[in-house]
Protein chains: 2
Amino acid sequence: MAKGKSLEELTDPVFYILIALVEPRHGYAIMQYVEEETQGTFKIGPATLYTIIKKLVGAGLIEAEPESDPRRKTYAATAAGITKLEEEVVRRKRMVDLGMLVLQTKGRGK
Amino acid sequence: MAKGKSLEELTDPVFYILIALVEPRHGYAIMQYVEEETQGTFKIGPATLYTIIKKLVGAGLIEAEPESDPRRKTYAATAAGITKLEEEVVRRKRMVDLGMLVLQTKGRGK
DNA sequence: TTTGATATATCACTTATGGATATATTAAGA
DNA sequence: TCTTAATATATCCATAAGTGATATATCAAA
């Protein structure tokens, strides 16, 4: 089922989903959470959501809570998932910092 | 030539390439720049590079310098490209901030 | 003159994303 | 009670994005 070496760098929807699952949430709640947190800017549809959930479960970054009934399956980030998220936050912060630096340096003689 | 509604949110390689082109650079130099800036962490191969260059030119976010000879075609971000990059930095900063907030809030009683 | 670095470009394959759709449950009204 | 909207999970399938491999060609140095 694919999965491979990807997830080394997280894409935007994967990043958002992992953020959402720092606290336990079921699928639909993830969609709503992301939409709210981004002021409706970023929407994750069901296809993207369940595709990514499957992949994250396969990679051991999230897991379904055992008691959760199938009508409302609750997921949460595993310890590995939290670690991964922390790394990804750092990685992305570097990107943002580089962007800001380059923009602010622009124009000024090198 | 494709292009569509994409480029609304920039993916990682597109973001890096646009950052590189805040100063004029030719293709190969972009590859090297990104590799250096990321300490070899993030590499952009030629296929990705030229695919994205084409797309960015089509979208008016970068342009080839008119004098540049075809053996060493130099590109640079347009005004629209700089604006886009600024927006993207803000968008990504929000994502990072959300990630940090969520991680640091975790565990503490809601 | 051969080799490695520079440089651009495309092919063809894989991966990622997401609209549309299907199905089922639940809660609130009329 | 019927019906409708919101909740909820899931997949199909088409499009978009990313990329290793490969093909060329030039240039500088040994």
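Residue numbers start from 1 in every chain, and the chains themselves are labelled A, B, ... in the order their sequence lines are given, proteins ahead of strands. These figures come from a predicted structure and were not determined experimentally.
Between A/K55 and C/dA16, a side-chain N or O to OP1/OP2 separation shorter than 4.0 Å is present. The side chain of A/K54 places an N or O atom within less than 4.0 Å of a non-bridging phosphate oxygen (OP1 or OP2) of D/dT11. For the OP1/OP2 pair of D/dA10 and a distance below 4.0 Å, the side-chain nitrogens and oxygens of A/Y50 include no atom meeting the criterion. For D/dA17, neither phosphate oxygen OP1 nor OP2 lies less than 4.0 angstrom from any side-chain nitrogen or oxygen of B/T48. In this model, the phosphate group of D/dG18 is approached by a side-chain N or O of B/T11 to a distance below 4.0 Å at OP1 or OP2.
Across the protein-nucleic acid pair, B/Y16 atom OH and D/dG18 atom P stand 14 Å apart, rounded to whole Å. For A/M31 and D/dA6, the CE to C1' distance is 12 Å, given to the nearest whole Å. Going from atom CG of B/L7 over to atom C1' of D/dA17 covers 11 Å, rounded to whole Å. Rounded to an integer number of Å, the gap from CD of A/E9 to P of D/dA17 is 18 Å. Per the geometry, CD1 belonging to B/I17 stands 12 Å off C1' belonging to D/dA17, to the nearest Å. When rounded to the nearest whole Å, the span between CG of B/L49 and P of D/dA17 equals 16 Å. Per the geometry, CG belonging to B/L10 stands 11 Å off P belonging to D/dA17, to the nearest Å. Between B/K73 atom NZ and D/dA25 atom C1' the separation is 14 Å, expressed in whole Å.
The OH atom of A/Y28 sits 11.5 Å away from atom CG of A/L49, with the distance rounded to the nearest 0.5 Å. In this structure, the separation between CZ on A/R94 and OG1 on B/T41 is 7.5 Å, given to the nearest 0.5 Å. In this structure, the separation between OG1 on A/T11 and CD on B/E9 is 11.5 Å, given to the nearest 0.5 Å.
Nucleic acid contact class of A/I52 (heavy atoms, under 4.0 Å, all strands): sugar-phosphate only. In this structure, A/G45 reaches neither bases nor backbone, as no heavy-atom distance under 4.0 Å exists between it and the strands shown.
Checking C/dT17, C/dA9, D/dA21 against every side-chain atom of B/A47, the shortest atom distance belongs to D/dA21. Checked against D/dG18, D/dT7, D/dT11, the side chain of A/Q32 finds its nearest nucleotide in D/dT7.
For the pair B/H26 and A/I44, nearest-nucleotide mapping onto DNA chain C gives the more 5' position to B/H26.
Taking the side chain as every heavy atom from C-beta outward, B/L98 and A/E37 approach each other to under 4.5 Å.
Between B/R92 and B/D12, at least one side-chain N (NZ, or NE/NH1/NH2) sits under 4.0 Å from a carboxylate O, which counts as a salt bridge.
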